[in-house]
Amino acid sequence: MNFEELYHFLFETMPGIGILVGGGLVISIIVCLILERKTRKQYKNHEKTEDDWSLFDDDDEDESK
């Protein structure tokens with residue numbers, strides 16, 4: 001498979017465009033997860049307020065119970 005065939009498949013066919021969109025979504029989700037974990041490590045002493053929410057919620061208990 002040469003470059004022209006790959007280019008045609010990725011940019012000029014519906015399955016190829018789907019692969020590009022899906023790959024972009026997967027890459028951005030991975031980057032977001034990595035950055036969220038780094039931010040949580042950097043600000044681990046942050047006092048939680050009632051407006052805070054977390055993607056990686058360590059506290060499974062609801063405080064209103």
Side-chain angles (χ1 to χ4, degrees):
M1 180 179 257
N2 62 18
F3 180 74
E4 292 175 5
E5 292 174 356
L6 181 63
Y7 181 86
H8 172 71
F9 173 72
L10 288 176
F11 295 102
E12 297 178 4
T13 64
M14 291 303 282
I17 293 171
I19 288 172
L20 288 174
V21 170
L25 286 172
V26 168
I27 288 171
S28 41
I29 288 172
I30 291 170
V31 168
C32 288
L33 291 173
I34 290 170
L35 292 176
E36 175 70 21
R37 289 188 184 263
K38 285 185 177 183
T39 303
R40 284 178 54 90
K41 285 181 183 177
Q42 184 174 3
Y43 296 106
K44 62 184 172 202
N45 295 331
H46 171 73
E47 277 190 36
K48 297 204 185 253
T49 63
E50 54 188 60
D51 291 335
D52 285 347
W53 65 275
S54 175
L55 183 62
F56 307 105
D57 197 12
D58 297 334
D59 301 329
D60 291 331
E61 301 173 15
D62 187 15
E63 292 181 12
S64 64
K65 288 185 181 177

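Only a predicted model underlies this, so the values are computations on that prediction, with no experimental measurement involved. Residue indices begin at 1 and follow the sequence shown.
Of the inter-residue distances, the one linking K38 atom NZ with Q42 atom CD reads 10.5 Å to the nearest 0.5 angstrom.
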Ignoring hydrogens and angles, write down the donor-acceptor pairs under 3.5 Å from the side chains of residues 18-29, residues two or more places apart or on other chains.
unit_1	atom_1	unit_2	atom_2	d
S28	OG	G24	O	2.7
S28	OG	L25	O	3.1

N/O donor-acceptor pairs under 3.5 Å from side chains in residues 1-8, not counting sequence neighbours:
unit_1	atom_1	unit_2	atom_2	d
N2	OD1	E4	N	3.3
N2	OD1	E5	N	3.0
H8	ND1	E12	OE1	2.5

